[in-house]
> 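Have a look at the structure that comes next, please.
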There are 2 protein chains.
Amino acid sequence: MEPLAPLPAESLTRSTRDQILNAALTTATTHGISRLSVGDVAKAAGLSRQTLYRHFTSKDDLIAAVVVQETSTLIEQVIRAASGFDSPQDSLEAGFLAALIALREHPLLDQLVRTEPDALIPLLTTGGGPVMSQVRGVVELVILMGQPEIDSGHLRRTADLLTRLLISYAVSAPDDSPEVIANFVAASLTPVLTANQPTPKISNTEVQP
Amino acid sequence: MEPLAPLPAESLTRSTRDQILNAALTTATTHGISRLSVGDVAKAAGLSRQTLYRHFTSKDDLIAAVVVQETSTLIEQVIRAASGFDSPQDSLEAGFLAALIALREHPLLDQLVRTEPDALIPLLTTGGGPVMSQVRGVVELVILMGQPEIDSGHLRRTADLLTRLLISYAVSAPDDSPEVIANFVAASLTPVLTANQPTPKISNTEVQP
DNA sequence: GGTTGACAGAGTAACAAAGTTTGTCAACTT
DNA sequence: AAGTTGACAAACTTTGTTACTCTGTCAACC
């Protein structure tokens with residue numbers, strides 16, 4: 001359950017570690033998570049089970065490392081995609097689009113949602129869980145990239161909404177293409193995001209800031 | 001699995017049927033779904049198991065009837081709440097608000113999401129399942145009430161998005177009050193909904209109508 | 001329209017035996 | 001220093017068995 005550095009003293013070769021991580025990813029993708037054994041991963045990586053235990057303290061540690069690697073890559077992709085735009089809407093749209101495509105094309109995520117939804121979906125959709133909070137953090141970051149001066153209430157609300165949409169799209173793919181969805185979502189939310197009022201229109205229902 | 005009328009010939013008393021449905025709802029709320037027995041429901045309704053089987057052909061039939069009753073009530077509430085507004089935004093906001101409150105205050109749904117999420121959440125969040133399509137149907141209806149002339153692509157996209165948000169809020173309650181959420185969502189989506197162009201802003205990414 | 005009790009078959013719980021898998025050792029190779 | 005092998009107890013799964021509860025239907029009765 002330790003986040004990093006389970007290495008003995010100096011540092012083992014990085015390539016062996018990566019090799020193991022890749023093997024874990026591919027075996028998980030083909031055989032599923034529930035039936036994933038350390039022996040299988042070691043075999044796929046072309047080394048022995050005991051060698052694997054020199055790089056990762058436990059099976060949980062290995063799985064955690066795979067998750068960290070995959071999420072980091074994903075987050076990097078999204079942030080890179082959202083960078084270098086003048087308008088906040090373009091930035092949001094590009095980031096959302098990159099996220100949609102990356103999620104849809106992620107082989108392991110895709111496989112797991114299809115074959116082991118009962119284990120995965122509650123994990124993704126539960127508000128208290130780590131997934132929603134991490135995703136929301138990234139979404140807030142992307143919004144802030146396009147609009148550093150934004151009202152914090154707006155930011156929180158919008159990030160929460162976008163997070164829920166992203167996870168929903170990841171869990172069950174929409175009919176429309178990612179491009180259409182991203183365009184639609186960005187166009188819908190940017191005006192409200194850009195506005196200065198805490199709530200965009202005073203209506204007949206009460207509003208609590 | 002038949003939708004209605006499992007009655008023998010003429011028609012049994014409606015009150016007994018309702019009594020059973022209420023008993024089923026309350027026992028399910030207190031004891032959960034997985035441990036729900038027909039015997040318990042009959043006991044709670046103050047009649048014998050065999051009498052219950054005169055009104056419902058099977059346990060599944062009983063559960064289906066409860067679900068139909070609850071969803072009908074919910075849908076009625078939402079549609080009534082959305083009626084009688086001039087502006088599409090007010091109509092949408094009121095409908096969305098009613099749905100959020102009804103979902104949050106529904107005792108059985110609330111209990112199930114907390115105690116048996118692994119069984120329920122995949123059912124709710126799966127795109128192919130009956131829940132999303134039925135909810136989307138109602139959402140489309142509410143939007144059409146406020147805006148009968150709307151472009152069908154807009155309608156479909158917006159209804160899909162709102163459905164995903166509703167289900168997400170039902171599964172994990174947001175930090176903000178239902179009032180704030182409904183106001184925010186309606187304010188975000190109404191402008192796009194009201195616009196005439198198929199896509200609200202032509203951006204650097206391709207758009208498929 | 002309602003009740004009771006009885007009953008076969010389906011489904012679930014409990015649990016022990018058999019089999020995997022995990023995590024750790026010490027001894028050995030390159 | 002990094003990796004390999006085989007051996008091993010403890011933890012966890014799977015499998016098969018048995019006992020139980022629940023469903024759905026019966027016929028006889030108010």
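Order of the sequence lines sets the chain letters (A, B, ...), proteins ahead of strands, with each chain counted from 1.
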> Look at the rings of H154(B) and F184(A) and say which category their plane angle falls in: under 30° parallel, 30 to 60° tilted, over 60° perpendicular.
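Taking F184(A) first and then H154(B), their aromatic rings sit tilted (interplane angle of 30° to 60°).
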
> Expressed in angstrom and rounded to an integer, what is the separation of R17(A) atom CZ from dA2(D) atom P?
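Going from R17(A) (CZ) to dA2(D) (P), I get 14 Å.
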
> From CG of D40(A) over to P of dT21(C), roughly how many Å is that when rounded to an integer?
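Value for this atom pair: 7 Å.
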
> Of all residues at least two apart in sequence or in a different chain, which pass the side-chain contact (heavy atoms from CB on, under 4.5 Å) check with A44(A)?
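Once residues adjacent in sequence are excluded, the partners of A44(A) under the side-chain contact (heavy atoms from CB on, under 4.5 Å) criterion are A23(A), T27(A).
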
> Expressed in angstrom and rounded to an integer, what is the separation of L52(A) atom CG from dA2(D) atom P?
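It is 16 Å, rounded to the nearest whole Å.
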
> Give a yes or no on whether a salt bridge exists between D40(B) and R35(B), defined as a side-chain N under 4.0 angstrom from a carboxylate O.
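R35(B) and D40(B): not salt-bridged.
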
> Minimum heavy-atom separation for Y53(A) to S58(A), with atom names?
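Residues Y53(A) and S58(A), closest heavy atoms: CE2-CA, 4.1 Å.
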
> Mind grabbing the angle between the end helix axes of the helix from dG1(C)-dC30(D) to dT30(C)-dA1(D)? Five pairs an end, 10° rounding.
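That helix gives 50° between its end axes.
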
> Between H55(A) and dA2(D), does any side-chain N or O lie under 4.0 Å from OP1 or OP2?
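Looking at the OP1 and OP2 atoms of dA2(D), neither is under 4.0 Å from any side-chain N or O of H55(A).
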
> Could you tell me which residues satisfy salt bridge (Lys or Arg N to Asp or Glu O under 4.0 Å) with D118(B), sequence neighbours excluded, listed by chain and number?
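Not a single residue meets the salt bridge (Lys or Arg N to Asp or Glu O under 4.0 Å) criterion with D118(B).
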
> Look at the side chain of R54(B) and the base of dG1(C), then say whether one donor and one acceptor between them are separated by less than 3.5 Å.
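Side chain to base: no pair present.
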
> OP1 or OP2 of dT23(D) less than 4.0 angstrom from a side-chain nitrogen or oxygen of S58(B), does that happen here?
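So the side-chain polar atoms of S58(B) never come under 4.0 Å of the phosphate oxygens OP1 or OP2 of dT23(D).
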
> Under 4.0 Å from OP1 or OP2 of dT4(D): is there any side-chain N or O of T51(A) that close?
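Checking dT4(D) against T51(A), a side-chain N or O does come within under 4.0 Å of OP1 or OP2.
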
> To the nearest angstrom, how far is R49(B) atom CZ from dT4(C) atom C1'?
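Value for this atom pair: 12 Å.
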
> Out of dG6(D), dT25(D), dC8(D), which has the shortest distance to the side chain of Q50(A)?
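Among the listed nucleotides, the one closest to the side chain of Q50(A) is dG6(D).
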
> Under 4.0 Å between any heavy atoms, over every strand shown, what does S48(A) touch: base, sugar-phosphate, or nothing? Just pick one.
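Result for S48(A) = base.
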
> Is the shortest side-chain N/O distance from R35(A) to OP1 or OP2 of dC12(D) below 4.0 Å?
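Answer is no, no contact under 4.0 Å.
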
> Please tell me which of the listed nucleotides, dC26(D), dT4(D), dG23(C), lies nearest to the side chain of K59(A)?
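Of the options given, the side chain of K59(A) lies nearest dG23(C).
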
> Quick one: do D160(A) and R136(A) make a salt bridge, cutoff under 4.0 Å?
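Yes, this pair counts.
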
